[in-house]
Amino acid sequence: MKETYIKQAVEYAKELLAIPSPTGYTAEATKYLMKTLQDMGYNPIETTKGAVQVRLGGEGTDGLLLASHVDTLGAMVRAVKSSGRLRVSPIGGLNPSNTETETVWVRTHCGKLYEGTLQLENASVHVNAKLKETVRTWDNVEVVLDEPVKNAQQVKELGIEAGNFVFVEPRTKITQSGYIKSRFLDDKLSAAILLALAKYIKDQNLTPKNPLYLNFTTFEEVGHGGAANLPQDIQEFISVDMGCVGDDLNCDETMVSICAMDSSGPSHYQTVSKLVETAKREQVRYAVDVYPFYGSDADAALRSGAPVRHCVIGPGVYASHGYERSHVQAVEATLQLLAGYVDFCPAD
Ligand SMILES: [Zn+2]
């Protein structure tokens with residue numbers, strides 16, 4: 001895989017990560033995907049649920065769909081407290097322990113953004129003797145707005161109310177050593193990799209032998225992203241989602257992970273075997289792992305009744321659903337594996 005496509009994937013990732021898109025508020029991410037794919041010369045479609053699907057070519061009925069999701073964790077205002085602070089409900093698995101002290105933006109129904117910070121109640125260490133031992137929950141971690149508000153009425157006058165989305169600052173950073181640090185690498189890093197794959201296929205004038213689709217879903221974090229709009233001519237569904245990194249696992253942040261089994265059970269053996277064969281042949285940095293607590297769009301597709309072979313692969317991501325970390329080498333490995341996995345027609 002040429003260096004340019006790896007760099008391009010990282011650029012796409014930076015752009016996507018800069019667009020807030022908690023599940024339920026993904027229209028701006030959808031717009032970005034539509035435009036980026038159209039600019040490449042493709043004809044993507046936007047589904048009713050806001051997913052973006054594009055057919056990259058191919059013929060027959062033995063199609064492959066590669067899915068990643070652009071919805072992320074986030075929160076929603078649940079109540080404006082009498083103190084003028086906001087109680088929030090998490091969207092997806094947003095964790096109060098690792099989100100405390102993060103900058104957020106509250107979006108009013110009129111589209112105005114107000115900055116604030118997620119803080120434990122009574123967050124001054126010089127005042128609160130129990131600060132260290134308090135277990136953080138969404139009942140005691142609140143949004144402190146950076147506005148001169150002291151009661152609920154003043155907050156409501158800003159237009160802030162229950163049902164407003166809360167965007168969490170991703171804090172995207174790419175180090176000199178190639179580490180990619182950001183919230184929501186799950187799964188925007190993979191979405192960026194799929195965009196780079198589409199660009200690679202177009203630039204190199206490659207024609208997939210069998211139908212090849214990219215599907216960018218918008219409801220993965222709440223469990224039903226991959227459940228709808230599946231093309232009739234696919235036989236295989238591969239979720240390109242974050243690869244797990246942690247105790248007992250072989251993958252690290254420089255590899256592509258192949259998931260042999262997640263919380264819903266084993267991946268399809270034929271797909272796993274072909275992925276491993278491809279990784280070996282293409283000399284990709286890879287690991288095969290069992291993910292203890294994990295679900296993906298592929299699981300959602302199967303639950304919706306899709307008769308497909310399935311698997312999950314993706315760049316190794318550490319500290320998932322927190323301040324996540326991956327590496328440019330994992331981007332390269334994932335791209336290499338995908339480009340090697342797809343069968344292309346021989347060049348004329
Ligand atoms: Zn994910």
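Note that ligands are numbered from 1 as they come in the structure, with each ligand's atoms numbered from 1 the same way.
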**Message:** Would you say Asp186 and Ser320 are linked by a side-chain donor-acceptor pair, where the criterion is simply a distance under 3.5 Å?
**Reply:**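 The answer is no; no qualifying pair exists.
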**Item:** Ser257-Tyr291 side chain donor-acceptor pair, cut-off 3.5 Å
**Value:**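 Yes.
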**Item:** All salt bridge (charged side-chain N to carboxylate O under 4.0 Å, His left out) counterparts of Lys35, not counting sequence neighbours
**Value:**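 Lys35 satisfies salt bridge (charged side-chain N to carboxylate O under 4.0 Å, His left out) with Asp39 only.
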**Glu115: salt bridge (charged side-chain N to carboxylate O under 4.0 Å, His left out) partners, not counting sequence neighbours** =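 Glu115: no salt bridge (charged side-chain N to carboxylate O under 4.0 Å, His left out) contacts found.
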**Message:** What's the separation between atom CE in Met261 and atom OG in Ser267, rounded to the nearest 0.5 Å?
**Reply:**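 Rounded to the nearest 0.5 Å, the CE-OG separation comes out at 9.0 Å.
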**Request:** Just the protein N/O/S atoms under 2.8 Å from the Zn ion (ligand 1), please, no waters.
**Result:**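 Near the Zn ion (ligand 1), below 2.8 Å, one finds His69 NE2, Asp186 OD1, Asp241 OD1, Asp241 OD2.
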**Request:** Would you mind listing the cluster partners of Val308? Hydrophobic ones only (ILVMFWY), side-chain contacts under 4.5 Å, chaining allowed.
**Result:**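 Its cluster partners, ordered by chain and number, are Leu65, Tyr213, Leu230, Ile234, Phe237, Leu302.
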